[in-house]
Structure formats: structure tokens, C-alpha cells
2 protein chains.
Amino acid sequence: MIDHESESSLTRGDLARATGCNIETIRYYEKTGLLPDPPRSAAGYRIYSAAHATRLRFILRARELGFSMEDIRGLMGLDDGAAPTCAEVKERTKRHLADVRAKIADLRRIESVLAATASRCSGAEVPNCPVLDAISGN
Amino acid sequence: MIDHESESSLTRGDLARATGCNIETIRYYEKTGLLPDPPRSAAGYRIYSAAHATRLRFILRARELGFSMEDIRGLMGLDDGAAPTCAEVKERTKRHLADVRAKIADLRRIESVLAATASRCSGAEVPNCPVLDAISGN
DNA sequence: GTAGGGTCTGTAGTAGCTACAGGCTCAAGA
DNA sequence: TCTTGAGCCTGTAGCTACTACAGACCCTAC
């Protein structure tokens with residue numbers, strides 16, 4: 001059906017394998033507009049090009065860096081139709097970086113509480129559990 | 001309807017105010033079994049006791065520490081019907097602590113990439129954006 | 001009596017996927 | 001040529017942990 005000799009003509013499965021992305025995720029990104037609807041074969045099969053693969057890799061990398069789909073839409077200029085300026089990208093990145101740092105701070109606080117209470121715990125079959133007490137606020 | 005002079009007879013709104021928990025969240029916790037179904041007044045209004053408030057505070061504190069609802073169910077002995085031993089609690093806490101540390105490590109990796117790329121970004125209206133290049137893998 | 005708040009139920013929405021069911025299509029082997 | 005199995009198609013439901021309604025009921029105070 002699809003010419004597999006041409007390197008830039010991919011089925012959904014091909015694209016999934018080429019990018020390591022779950023095949024259902026690709027459909028999801030299309031549904032939400034992160035990926036454009038690809039052209040179809042006569043039988044209705046999606047036909048992806050190398051450009052789709054490049055764009056999907058961008059999305060996946062941005063997701064690895066913790067950007068939300070909303071952020072990614074912005075980074076790709078899908079929110080207002082125009083490619084964002086470098087200044088806009090920097091602004092978005094800085095906002096995201098601040099979020100990441102806030103999350104790290106939260107988790108560190110949690111970590112220290114957990115580590116402290118777990119270390120006080122004998123692990124024996126005693127009635128008083130320091131972990132449960134700590135959660136209860138005793 | 002409900003005797004507000006007795007300190008351990010609360011409506012859903014009372015309980016929400018007393019614990020700082022969203023009123024809808026209380027219903028959600030009941031639906032999922034984290035909180036027991038309270039008795040009802042003649043008109044069908046829920047009547048909570050001080051025990052409910054204590055239990056809800058435990059749940060909220062555990063959530064603050066990042067425990068999942070599944071974890072909390074375990075900590076309260078709702079998964080197998082019996083209160084967990086101290087050893088079981090310690091084990092759960094250690095597993096959760098490992099998760100938290102893994103998340104911190106992830107976020108730190110993300111943070112360093114974001115900080116490095118953002119700092120390379122001029123913020124000018126130039127065509128080449130170091131952030132987008134970094135995401136693209138260039 | 002009535003106005004206002006509170007409460008009740010059920011349902012739908014959020015993010016970011018993931019996992020089917022049931023049907024169609026395609027390529028390869030007998 | 002027929003069949004078999006893999007792949008693709010669509011729509012829908014599930015996940016976590018909530019949150020936000022609508023529309024009906026109830027309770028209290030004036």
C-alpha cells in the first residue's frame with residue numbers, strides 16, 4: 001500500500017517505532033492538535049512524512065523536560081499561529097524552570113520528613129508506629 | 001437539625017471547615033472508601049463525628065507527604081482489613097521515599113538542562129533559539 | 001411565608017495518556 | 001486464489017485525585 005522504499009513515508013506503526021512513542025499516544029497528539037492530521041492513503045491509512053517524525057521527536061523531548069502540552073503548543077507556535085520569538089521561548093522556559101524548582105523544594109521537604117520518621121521506626125511489631133504518629137501530627 | 005452544641009456532630013460543611021478540606025473531596029474520599037460512610041439524619045444529611053475529622057486529617061497529612069490513595073489505604077489497613085504492623089508501615093514509607101528521591105533526581109536533571117539552555121538564550125528576536133535547538137536535539 | 005443558605009444526588013470535566021472492541025485492509029504463504 | 005495473521009481504523013472507557021456543576025431538597029431566620 002505505502003511505498004516503503006521512500007524513506008519519508010511512514011505508517012503509524014513505523015512512526016511509533018522510529019520515535020519510540022506509543023502508537024496510541026500519536027493518535028492522542030493528533031486529536032489534541034499537537035501533531036497535524038497526516039494525509040491518508042486510499043484505504044484511509046495515515047501517511048506520515050519525515051517532518052512528522054521531527055515534530056513528534058520535538059514533542060517527546062519537551063515532554064521529557066517536563067513541559068506541559070500547553071507549553072509545547074506555545075513553543076511550537078500553535079497557540080497564536082505564529083512561531084514564538086526567542087524572547088517568548090526564554091520566558092516560557094524560565095517559568096517552567098521556576099515550577100520545576102518549586103516541585104524540587106516540595107519533594108525535598110517531603111523527603112526529609114519521610115527519612116526522619118522512617119529512621120525512627122523500629123520495624124518491630126510494636127503498637128506505636130512513629131510514621132503513623134508523624135502523619136497524625138502526634 | 002443537627003445539635004451544634006455537641007462538639008462531635010458535624011455536617012459536611014463543618015467538617016470541611018474544620019479540616020480545610022474541600023467539601024467535594026470529602027464526598028470523593030467516601031465514595032472511594034478512604035472515609036467510612038457516616039450515619040445520616042432523618043433528612044439524609046451526613047453526620048460526622050470527631051473520629052471522622054481525625055481520620056480525614058490523617059488522610060490529608062499523608063497526601064501532603066505525597067502518599068498515593070492506594071498507599072494511604074494500606075497505611076490505614078483498608079486493603080486487607082487489619083491494621084498494618086509497624087514493619088509494614090516502615091516498608092511502605094521506604095518505598096515511597098525511594099519514589100520521592102527518584103522524582104527529585106529526575107527534576108534535578110531537568111532543572112540543569114533548562115537552566116543551561118535558558119542561560120544561553122539571548123532573549124533577542126533572533127532566528128536561532130538555543131532552547132528550541134536543545135529540545136530538537138541539535 | 002419566603003428568602004437564603006446548606007445539603008443531597010448524579011454526572012462531567014481536568015491532564016496525559018493507555019487499552020480495549022469490533023471492523024477493515026494489506027502482504028505473504030499454500 | 002484463498003487464507004491467515006498482522007496492522008490499521010474508529011469510538012469509547014479506563015486511570016489518578018480531584019473539582020465543578022445542575023437540579024432538587026431541606027433548614028433556619030426574618
Side-chain angles (χ1 to χ4, degrees), chain A residues 1-5 9-35 37-48 52 56 59-75 78-79 96 99 103 106, chain B residues 1-5 9-35 37-48 52 56 58-76 78-79 96 99 103 106:
Chain A
M1 51 156 301
I2 292 176
D3 177 12
H4 273 270
E5 303 312 306
S9 188
L10 308 161
T11 64
R12 199 141 72 97
D14 291 338
L15 183 61
R17 270 184 298 277
T19 58
C21 182
N22 185 312
I23 197 163
E24 295 284 359
T25 305
I26 295 172
R27 188 157 72 104
Y28 174 69
Y29 287 160
E30 277 169 33
K31 201 178 70 184
T32 57
L34 229 52
L35 276 177
D37 276 355
R40 303 292 184 112
S41 73
Y45 281 27
R46 290 168 180 79
I47 304 170
Y48 298 95
H52 286 99
L56 179 53
I59 294 167
L60 295 174
R61 180 94 179 103
R63 293 288 305 130
E64 273 177 38
L65 290 175
F67 283 102
S68 70
M69 290 179 64
E70 193 57 35
D71 288 333
I72 298 173
R73 238 182 286 279
L75 291 176
L78 294 177
D79 46 359
H96 177 47
D99 285 353
K103 255 181 219 152
D106 272 0
Chain B
M1 49 156 305
I2 293 178
D3 178 10
H4 275 270
E5 303 312 306
S9 188
L10 308 161
T11 64
R12 200 141 72 96
D14 292 338
L15 182 61
R17 270 184 299 276
T19 58
C21 182
N22 185 311
I23 197 164
E24 295 284 0
T25 305
I26 295 171
R27 189 158 70 106
Y28 173 69
Y29 287 160
E30 277 167 34
K31 201 176 70 183
T32 56
L34 228 51
L35 276 177
D37 276 355
R40 303 292 185 113
S41 74
Y45 281 27
R46 289 167 181 80
I47 304 170
Y48 297 95
H52 286 98
L56 179 52
F58 180 93
I59 294 167
L60 294 174
R61 181 94 180 101
R63 292 287 306 130
E64 273 177 37
L65 290 176
F67 283 103
S68 69
M69 289 179 65
E70 193 56 36
D71 288 333
I72 297 173
R73 236 182 287 280
L75 291 176
M76 297 195 304
L78 295 177
D79 46 358
H96 177 46
D99 284 353
K103 256 181 216 151
D106 271 0

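Just so we're on the same page: letters track the sequence lines, and every chain starts at 1.
In this model, the phosphate group of C:dC17 is approached by a side-chain N or O of A:Tyr29 to a distance below 4.0 Å at OP1 or OP2. Contact annotation: B:Thr11 reaches the phosphate of C:dT7 (side-chain N/O to OP1 or OP2, under 4.0 Å). For C:dT9, neither phosphate oxygen OP1 nor OP2 lies less than 4.0 angstrom from any side-chain nitrogen or oxygen of B:Arg12. For the OP1/OP2 pair of D:dT19 and a distance below 4.0 Å, the side-chain nitrogens and oxygens of B:Thr25 include at least one atom meeting the criterion. Taking only side-chain nitrogens and oxygens, A:Arg40 never comes nearer than 4.0 Å to OP1 or OP2 of D:dC8. Checking the phosphate oxygens (OP1, OP2) of D:dT10, a side-chain nitrogen or oxygen of A:Arg46 falls inside 4.0 Å.
Note that the CG atom of B:Leu34 and the CG atom of B:Leu78 stand 6.5 Å from one another [nearest 0.5 Å].
Mapping A:Phe67 and B:Arg27 onto DNA chain C by nearest heavy atom places B:Arg27 at the nucleotide closer to the 5' end. Comparing B:Tyr28 and A:Tyr48 by the nucleotide of DNA chain D that holds the closest heavy atom to each, the one mapping nearer the 5' end is A:Tyr48. Between A:Met69 and A:Ala43, the residue whose closest nucleotide on DNA chain C is further toward the 5' end is A:Met69.
Using a distance-only test at 3.5 Å, with no hydrogens or angles considered, a donor-acceptor pair links the side chain of B:Arg12 to the main chain of B:Ile23. Remark: the backbone N or O of B:Cys21 is not paired with any side-chain donor or acceptor of B:Thr25 at under 3.5 angstrom.
Following rounding to the nearest Å, B:Ile47 (CD1) and C:dT7 (C1') show an atom-to-atom distance of 12 Å. For B:Ile59 and D:dA17, the CD1 to P distance is 12 Å, given to the nearest whole Å. Between the CG atom of A:Asn22 and the P atom of C:dA15 there is a distance of 20 Å, rounded to whole Å. As a whole-Å value, the separation of A:Glu70 CD from C:dG16 P is 9 Å. For the pair A:Arg17 CZ and D:dC8 P, the computed distance is 6 Å after rounding to whole Å. Straight-line distance from the NZ atom of B:Lys103 to the P atom of D:dT16: 14 Å, rounded to whole Å. Remark: C1' of D:dC8 and CG of A:Asp37 are 16 Å apart, rounded to the nearest angstrom. What separates CG of B:Leu34 from P of D:dA17 is a distance of 10 Å, to the nearest Å.
Contact check on A:Arg17 versus A:Asp14 returns a salt bridge, with a Lys/Arg side-chain nitrogen under 4.0 Å from an Asp/Glu carboxylate oxygen. In summary, B:Arg27 and B:Glu30 do not engage in a salt bridge, as defined by a charged side-chain N under 4.0 Å from a carboxylate O.
Relative to the side chain of B:Ile23, the nucleotides C:dT7, C:dC20, D:dA17 differ in distance, and C:dT7 lies closest.
Backbone-only contact: A:Ser68 has heavy atoms under 4.0 Å from sugar-phosphate atoms and none from a base.
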